[in-house]
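Remember, it's a predicted structure, so these values are computed and weren't measured experimentally.
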Amino acid sequence: MANQLTVAVLGPGGVGGLLAALLSRTGHRVICLSGERTAEALRTDGLQVRSARFGDFTARVEADTELREPVDACLVTVKHTTLDAALARVPAPVLSDGLLVPFLNGVEHPAALRARYRPDRVAPAVIRVESTRVAPGVVEHGSPFAEIDLTGTDVPRARLDALAEAFTAAGPATRVLEDETAALWAKMSFLAPFALLTTRYGLPLGEVRTRHRDELTALVEETAAISRACGGPADPAQALARYDAFPPSTKSSMQRDAEAGRPLELDAIGGALLRAAERHGTPAPVVARVVGEVSCAIEF
């Protein structure tokens with residue numbers, strides 16, 4: 001990779017739009033891949049970002065409905081619920097030697113992507129940020145931070161380092177981690193209890209951690225045990241301390257999807273937890289109950 005990268009962004013929503021705008025602002029060529037309505041909005045008005053951390057600005061990006069040329073990296077920033085359809089916009093022969101960098105919740109997607117693209121070019125990433133698309137091409141970044149962990153079994157380290165350098169220069173503090181399993185499960189261990197309980201009760205994190213503290217603690221402990229069984233980190237006390245440090249009004253993306261009537265990533269998060277627990281014989285009664293309650297709420 002050269003100093004100036006060509007980066008495709010599949011799904012320029014809250015996360016993808018923010019990263020696309022930041023990379024474009026620092027001089028990289030960015031091609032956003034989306035439906036025609038969003039692509040037209042981006043061609044006409046660019047990407048508008050509102051952020052206390054990075055400032056309010058508009059970035060010019062290219063926009064298309066499909067990847068038509070090789071790129072250094074393609075960031076996958078759609079949700080699991082639309083992943084299969086979205087990947088049709090990124091033909092494997094066109095991506096070729098480019099990195100595929102999924103910013104997806106859960107732990108099961110790397111294997112599925114490696115079955116479709118070059119296994120040694122799939123570089124899973126984890127981002128800690130609160131960023132929301134409020135209209136096509138308009139992104140509100142609400143958190144005082146944006147941090148990325150980049151990893152990838154068998155991906156050449158020089159490729160990861162070059163992309164990490166570009167992210168860091170653009171704004172989000174980025175580190176390259178050697179252990180892909182640990183990176184993905186660290187995110188899962190924090191995200192799953194937060195997403196499941198805020199969605200189950202329709203409450204922001206502050207009320208969940210006070211009114212449903214025992215249930216949150218039990219869910220954190222079960223998730224940590226599953227992570228440990230899968231070779232990931234397990235520190236329930238640290239997870240609870242992180243929840244306590246977040247602003248009380250914080251909502252999970254799953255909760256926001258439920259409020260908007262959008263499909264939920266319940267299978268990618270709760271379902272993946274339960275499948276991992278079953279594989280390793282790890283008891284997870286609280287996870288199973290909460291996932292079942294959220295599932296029933298969706299049906300009704």
Open item on the list: Looking at D72 and R29, is any side-chain nitrogen of the basic one under 4.0 Å from a carboxylate oxygen of the acidic one?
Closed with: no
Task: Shortest non-hydrogen contact from E221 toward P236 - done: CG-CB, 4.1 Å
- [ ] Could you note down all residue pairs passing ring-ring contact (aromatic ring centres under 6.0 Å, His included) where residues 259-297 supplies at least one of them, sequence neighbours left out?
- [x] none
Open item on the list: Using 0.5 Å steps for rounding, measure from the CG atom of N105 to the CD1 atom of I269.
Closed with: 4.5 Å
- [ ] Check step by step if side chain to side chain contact (heavy atoms under 4.5 Å, CB included) holds for V7 and I31.
- [x] CA-CA 6 Å; V7 179; I31 307 168; over 6 Å; no
TODO: Using a 4.5 Å cut-off on heavy atoms from C-beta on, say whether the side chain of P204 contacts that of P248.
DONE: no
Open item on the list: So L42 and P12, do their side chains get closer than 4.5 Å, heavy atoms only?
Closed with: yes
Task: Rounded distance [0.5 Å steps], CZ in R118 versus CG in L100 - done: 12.0 Å
Open item on the list: Are the side chains of C32 and L47 in contact, using a 4.5 Å heavy-atom criterion?
Closed with: yes
- [ ] Tell me whether F54 is reachable from V138 by hopping between hydrophobic residues (I, L, V, M, F, W, Y) whose side-chain heavy atoms are closer than 4.5 Å.
- [x] no
Open item on the list: Do R116 and L87 make a side-chain contact, defined as non-hydrogen atoms from C-beta onward lying under 4.5 Å apart?
Closed with: yes
Task: For R175, salt bridge (Lys or Arg N to Asp or Glu O under 4.0 Å) partners two or more places apart - done: D149
Open item on the list: Is there a side chain to side chain contact (heavy atoms under 4.5 Å, CB included) between D45 and T58? Walk through the geometry before answering.
Closed with: CA-CA 8 Å; D45 301 319; T58 298; over 6 Å; no
Open item on the list: If hydrophobic clusters are built by linking Ile, Leu, Val, Met, Phe, Trp and Tyr wherever their side-chain heavy atoms come under 4.5 Å apart, do L240 and L196 end up in the same one?
Closed with: yes
Open item on the list: Can you classify the ring geometry of F103 versus F167 as parallel (below 30°), tilted (30 to 60°) or perpendicular (above 60°)?
Closed with: perpendicular
Open item on the list: Under 3.5 Å, is there a donor on one side chain and an acceptor on the other for E180 and T153?
Closed with: yes
TODO: Could you tell me whether D64 and R89 make a salt bridge, using a distance below 4.0 angstrom between a side-chain N and a carboxylate O?
DONE: no
Open item on the list: Counting neighbours of CD on E165 that are heavy atoms of other residues, nucleotides or ligands and sit closer than 6.0 Å, is the number greater than 12?
Closed with: no
Task: From CG (L75) to CG (L99), nearest 0.5 Å - done: 9.5 Å
TODO: Please say whether more than 12 non-hydrogen atoms of neighbouring residues, nucleotides or ligands are located less than 6.0 Å from CZ in R157.
DONE: yes
Open item on the list: Using a 6.0 Å distance limit plus a 45 degree cone around the ring axis, check whether R242 lies over the aromatic ring of F190.
Closed with: yes
Open item on the list: What verdict does the salt bridge (charged side-chain N to carboxylate O under 4.0 Å, His left out) test give for E36 and R43, after you've listed the backbone C-alpha separation in whole Å, the side-chain angles of each residue and the deciding distance to 0.1 Å?
Closed with: CA-CA 10 Å; E36 184 55 48; R43 294 187 197 110; 2.9 Å; yes
Task: T223 side chain to S189 side chain, donor-acceptor N/O pair below 3.5 angstrom - done: no
Task: Contact list for residues 60-85, test ring-ring contact (aromatic ring centres under 6.0 Å, His included), sequence neighbours left out - done: H80-H109
Open item on the list: Which label fits H212 and Y201: parallel for a plane angle under 30°, tilted from 30 to 60°, or perpendicular past 60°?
Closed with: parallel
Open item on the list: Between E130 and R53, does any NZ, NE, NH1 or NH2 come within less than 4.0 Å of an OD or OE carboxylate oxygen?
Closed with: no
- [ ] Give the C-alpha distance, both sets of side-chain angles, the deciding distance and a yes or no for side chain to side chain contact (heavy atoms under 4.5 Å, CB included) between V208 and R211.
- [x] CA-CA 5 Å; V208 166; R211 293 169 57 179; over 6 Å; no
Task: Heavy atoms from other residues, nucleotides or ligands near CD of E147 exceed 12 (cutoff 6.0 Å) - done: yes
Open item on the list: Any heavy-atom pair between the side chains of V101 and L150 that's under 4.5 Å?
Closed with: yes
TODO: Please check if L33 and V9 belong to a single hydrophobic cluster, counting links between Ile, Leu, Val, Met, Phe, Trp and Tyr side chain heavy atoms closer than 4.5 Å.
DONE: no
Open item on the list: Can you tell me how far apart NZ (K187) and CG (L104) are? Round to the nearest 0.5 Å.
Closed with: 9.0 Å
Task: Non-hydrogen atoms of P124 and R114 that approach each other most closely - done: CD-NH2, 3.8 Å
Task: Carboxylate-amine/guanidinium proximity below 4.0 Å for R275 and D267 - done: yes
TODO: Taking only Lys NZ, Arg NE, NH1 and NH2, and the carboxylate oxygens of Asp or Glu, determine whether D97 and R159 approach each other closer than 4.0 Å.
DONE: yes
TODO: Check the pair D120, V155 against side chain to side chain contact (heavy atoms under 4.5 Å, CB included), reporting the backbone distance first and the verdict last.
DONE: CA-CA 5 Å; D120 61 343; V155 177; 5.6 Å; no
- [ ] Kindly work out whether a path of hydrophobic side-chain contacts (I/L/V/M/F/W/Y, heavy atoms less than 4.5 Å apart) joins V286 to L191.
- [x] yes
Task: Atom of V49, atom of A21 and distance for their closest heavy-atom approach - done: CG2-CB, 3.5 Å
Task: Salt-bridge contact E62-R68 (side-chain N to carboxylate O under 4.0 Å) - done: no
- [ ] For the residue pair E222 and P285, establish whether any side-chain heavy-atom pair is separated by less than 4.5 Å.
- [x] yes
- [ ] Mind listing the closest non-hydrogen atom pair of T168 and T174 along with its distance?
- [x] OG1-N, 3.2 Å
TODO: Look up atom CD in Q4 and atom NE2 in H28, then write down how far apart they are to the nearest 0.5 Å.
DONE: 7.5 Å
- [ ] Kindly work out whether a path of hydrophobic side-chain contacts (I/L/V/M/F/W/Y, heavy atoms less than 4.5 Å apart) joins V220 to V291.
- [x] yes
Task: Test log, rule salt bridge (charged side-chain N to carboxylate O under 4.0 Å, His left out), inputs R213 and E207 - done: CA-CA 9 Å; R213 185 76 177 191; E207 292 188 63; over 6 Å; no
TODO: Any chance you could measure L266, atom CG, to L273, atom CG, to the nearest 0.5 Å?
DONE: 10.5 Å
Task: Modelled atom types, side-chain donor and acceptor of T44 and E40, under 3.5 Å - done: yes
TODO: Answer yes when E259 and K251 have at least one side-chain N-carboxylate O distance shorter than 4.0 Å, and no when they do not.
DONE: yes
